[in-house]
Amino acid sequence: MATIARLRTRLGGRTLELELLITAFLFVTICLAALIASANGRVRWVDLTIIGAFAVLFLAISLAFALRDWGEDQILLPVAALLAGVGMIMARRLEPDLVQRYGELYGGIALKQVIWIFGGATALALISFVPWRMQWLKHYRYTWLVLGLALVGITAVFGVERNGARLWLNLGFFQFQPVELLKVLLVVYLATYLDNHRELIGHGVYWLGPLKLPPLPYLAPIVIMWGATISLIIVQKDLGAALLFFVIFLAMLYVVSGRARYAAVGFVAFALGAAALYPLFGHVRVRLNAWLDPWSDPFGIGFQMVQALHALATGGWAGTGIGAGDPTTVPESHTDFVFVAIGEELGLAGTLALTACYAIVALRGYLIAARARDGFQQVLAVGLTTAIAAQAFIIMAGATHLIPLTGITLPFISYGGSSTLINFAMVGLLLRISASRKPAQTL
């Protein structure tokens, strides 16, 4: 009886997570029903099976959290499940139109996205439940960094080229994007370095105008980070990853140093570096020109943005309804512009709700960082949270013409295996950091 009582207590302690998961599943099911109704009204057993398996998988993870009773955050998992469910529905929605417009090249994206989501949830579970110590990440920091840089270097030479950029390695069944893995490995390395040199970086010994700088040897990683991001633009022609990496680094640097001036100087340095590349590299000029005035060439470099703005205007406040719009008139609507597809069919209300979900992820992630047990886990949580939140902001801002297009994915929603797997892995790490009652041997 005592065992049953403890079990009920543990399950009762995570009712918020259960209620939010059920709400997420209901929303995804309603979206699927609306999609089926807008098409031919025929219910496919495969759709019901996928939705059922999706619900069972995340409920099983939640139940395992409750039984272990380590006190993990109860908000992150349901929000990640909701976003992934929306991504699954959008892949199912866009696939027929993509096949009709562009051919069988896009056939099967819905099933592949389901596989990636299930794989990502499995990765989250492994990170959360397999016995390992967080300090393991810290001890092998140089190994992770060298591995990530080596993968990106291999991709730059042997990778598959799309739109003038080599960002993918062809592994047969799927194409892997090493820059997504590098994102996590770089966060781990920076968390270790910044935490180890927190005092020197925070206080500084040299004055350079209004800035108080740390000893010169400790400035080297900052300069190297700036050079690495600019090199990404030059070698891989990847503006989005370069901007994202630098934003992550500046957020972690600010948390460690407490000096907003460091972040401000970093942004200025990045802007100057990007500006210097403008006259030298055609892909930089194309992106900036398409942003500054897409209407000057609406059938050329500005076509994608013009179509995106038209789609958002068509959606209005409430949207056309799932399945009632024509989002595939915007090129790359399943990846770079899935936010626009949602805006057209779910309207401003849908995009605001989506933005709120990412804001919740950011809030919970930074709260986890504030409550972390040690400095390394604190800085690591800040980096992981910023990686998800900043990536979402950058792609949403690019899709709505607030900043130049960057070509990165919308976390959990855009079609793509590498991004989905890595984002779930980052949530798994955040959940492990958030476990307030975890035993000492897991630290």
Side-chain angles (χ1 to χ4, degrees), residues 75-76 79-80 82-84 86-87 90 177 179-180 182-184 186-187 190 225 229 232-233 238-255 260 263-264 266-268 270-271 274 287-288 290-291 304-305 308-309 311-312 330 332-333 335-343 346 348-369 381-416 418-420 422-424 426-427 430:
I75 307 295
L76 279 179
V79 175
L82 175 61
L83 292 172
V86 172
M90 291 308 298
Q177 195 169 4
V179 74
E180 292 288 344
L182 177 62
K183 181 170 58 180
V184 179
L186 189 62
V187 167
L190 289 174
M225 188 64 206
T229 55
L232 271 175
I233 300 176
D238 195 351
L239 290 167
L243 177 58
L244 177 61
F245 285 179
F246 210 66
V247 169
I248 294 170
F249 170 68
L250 292 180
M252 298 172 74
L253 180 64
Y254 171 72
V255 167
F267 273 118
V268 171
F270 181 85
R287 288 288 176 92
L288 287 177
W291 172 62
Q304 197 174 33
M305 180 51 63
L309 294 175
L312 289 172
V330 184
E332 307 300 331
S333 58
T335 53
D336 301 3
F337 280 84
V338 70
F339 184 75
V340 171
I342 293 172
L346 296 181
L348 180 62
T351 56
L352 287 177
L354 194 65
T355 305
C357 288
Y358 289 112
I360 291 171
V361 171
L363 176 62
R364 301 306 300 182
Y366 291 133
L367 284 175
I368 289 170
V382 168
L384 295 171
T385 303
T386 304
I388 297 173
Q391 182 167 334
F393 171 78
I394 290 171
I395 189 60
M396 289 190 295
T400 53
H401 200 221
L402 293 177
I403 64 173
L405 293 174
T406 56
I408 58 179
T409 57
L410 188 62
F412 301 103
I413 295 181
S414 292
Y415 170 73
S418 307
S419 176
T420 302
I422 295 302
N423 285 317
F424 271 110
M426 289 193 291
V427 170
L430 285 171

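Computed from a predicted model, the values in this text were never measured in an experiment.
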Undergrad: Among side-chain atoms of Thr420 and Tyr415, is any donor-acceptor pair under 3.5 angstrom?
TA: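 No donor-acceptor contact under 3.5 Å links the two side chains.
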
Undergrad: Considering only heavy atoms from C-beta outward, does the side chain of Tyr254 approach that of Val382 to under 4.5 Å?
TA: no

Undergrad: Looking at OG1 of Thr335 and CD1 of Ile395, how far apart are the two atoms once the value is rounded to the nearest 0.5 Å?
TA: 8.0 Å

Undergrad: Hey, could you give me each pair passing side chain to side chain donor-acceptor pair (under 3.5 Å) that has a residue in residues 390-402? Not counting sequence neighbours.
TA: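 Sorted result for residues 390-402: Lys183-Gln391, Gln391-Thr409.
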
Undergrad: Given Leu405 and Trp291, is the side chain to side chain contact (heavy atoms under 4.5 Å, CB included) satisfied, shown in steps?
TA: CA-CA 7 Å; Leu405 293 174; Trp291 172 62; over 6 Å; no

Undergrad: Heavy atoms only: give me the nearest Val361-Ile388 pair and the separation to one decimal.
TA: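 What the structure gives for the nearest pair is CG1-CG2, 4.1 Å.
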
Undergrad: Looking at side-chain heavy atoms only, is the closest gap between Val184 and Val187 below 4.5 Å?
TA: no

Undergrad: So which atom in Ala341 and which in Ser333 form the shortest heavy-atom distance, rounded to 0.1 Å?
TA: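 Between these two residues, the closest heavy atoms are CB-O, 4.3 Å.
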
Undergrad: Verify the neighbour count for atom OH of Tyr358: are there more than 12 heavy atoms of other residues, nucleotides or ligands below 6.0 Å?
TA: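 Yes, enclosed.
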
Undergrad: To the closest 0.5 Å, what do you measure between CD1 (Ile360) and OG1 (Thr355)?
TA: 11.0 Å

Undergrad: Run the numbers on Leu346 and Leu354 for side chain to side chain contact (heavy atoms under 4.5 Å, CB included), then give the verdict.
TA: CA-CA 10 Å; Leu346 296 181; Leu354 194 65; over 6 Å; no

Undergrad: Can you tell me how far apart OG (Ser419) and CZ (Phe424) are? Round to the nearest 0.5 Å.
TA: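 Taking OG in Ser419 and CZ in Phe424, the distance rounds to 10.5 Å.
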
Undergrad: Could you check if a side-chain atom of Ile342 sits within less than 4.5 angstrom of a side-chain atom of Met90, using non-hydrogen atoms only?
TA: yes

Undergrad: Nearest 0.5 Å please: distance from the CG atom of Leu244 over to the CD1 atom of Ile394.
TA: 5.0 Å

Undergrad: Under the criterion side chain to side chain contact (heavy atoms under 4.5 Å, CB included), I'd like the reasoning laid out for Leu82 against Val79: C-alpha separation, chi angles, the key distance, then a yes or no.
TA: CA-CA 5 Å; Leu82 175 61; Val79 175; 5.6 Å; no

Undergrad: When you compare the side chain of Val247 with that of Phe393, does any pair of heavy atoms fall below 4.5 Å?
TA: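 Sidechains of Val247 and Phe393: no contact.
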
Undergrad: What do you reckon, is OH of Tyr366 surrounded by more than 12 foreign heavy atoms closer than 6.0 Å?
TA: yes

Undergrad: Test of understanding: with side-chain hydrogen bond (donor to acceptor under 3.5 Å, both in side chains), list the residues that count as partners of Ser414, not counting sequence neighbours.
TA: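 None.
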
Undergrad: Find out whether Leu83 and Asn423 are in side-chain contact, i.e. whether some heavy atom of one side chain is under 4.5 Å from a heavy atom of the other.
TA: no

Undergrad: How long is the span from the OG1 atom in Thr351 to the CG atom in Leu312, to the nearest 0.5 Å?
TA: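 One finds 7.5 Å between OG1 of Thr351 and CG of Leu312.
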
Undergrad: Quick one: CE on Met252 to CG on Leu190, what's the gap to the nearest 0.5 Å?
TA: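 So the CE of Met252 and the CG of Leu190 are separated by 5.0 Å.
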
Undergrad: Any side-chain heavy atom of Ile248 sitting closer than 4.5 Å to one from Leu186?
TA: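 Not in contact.
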
Undergrad: Are any of the side-chain heavy atoms of Ile368 and Thr385 separated by less than 4.5 Å?
TA: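 A side-chain contact under 4.5 Å is absent here.
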
Undergrad: Determine the minimum heavy-atom distance between Gly398 and Met305, stating which atoms define it.
TA: O-CE, 3.1 Å

Undergrad: Using every non-hydrogen atom in the two residues, find where Phe339 and Ala399 come nearest and quote the distance to one decimal.
TA: CD2-CB, 4.4 Å

Undergrad: On a heavy-atom basis, which atom in Gly365 and which in Ala381 lie closest, and how many Å separate them?
TA: O-CB, 4.4 Å

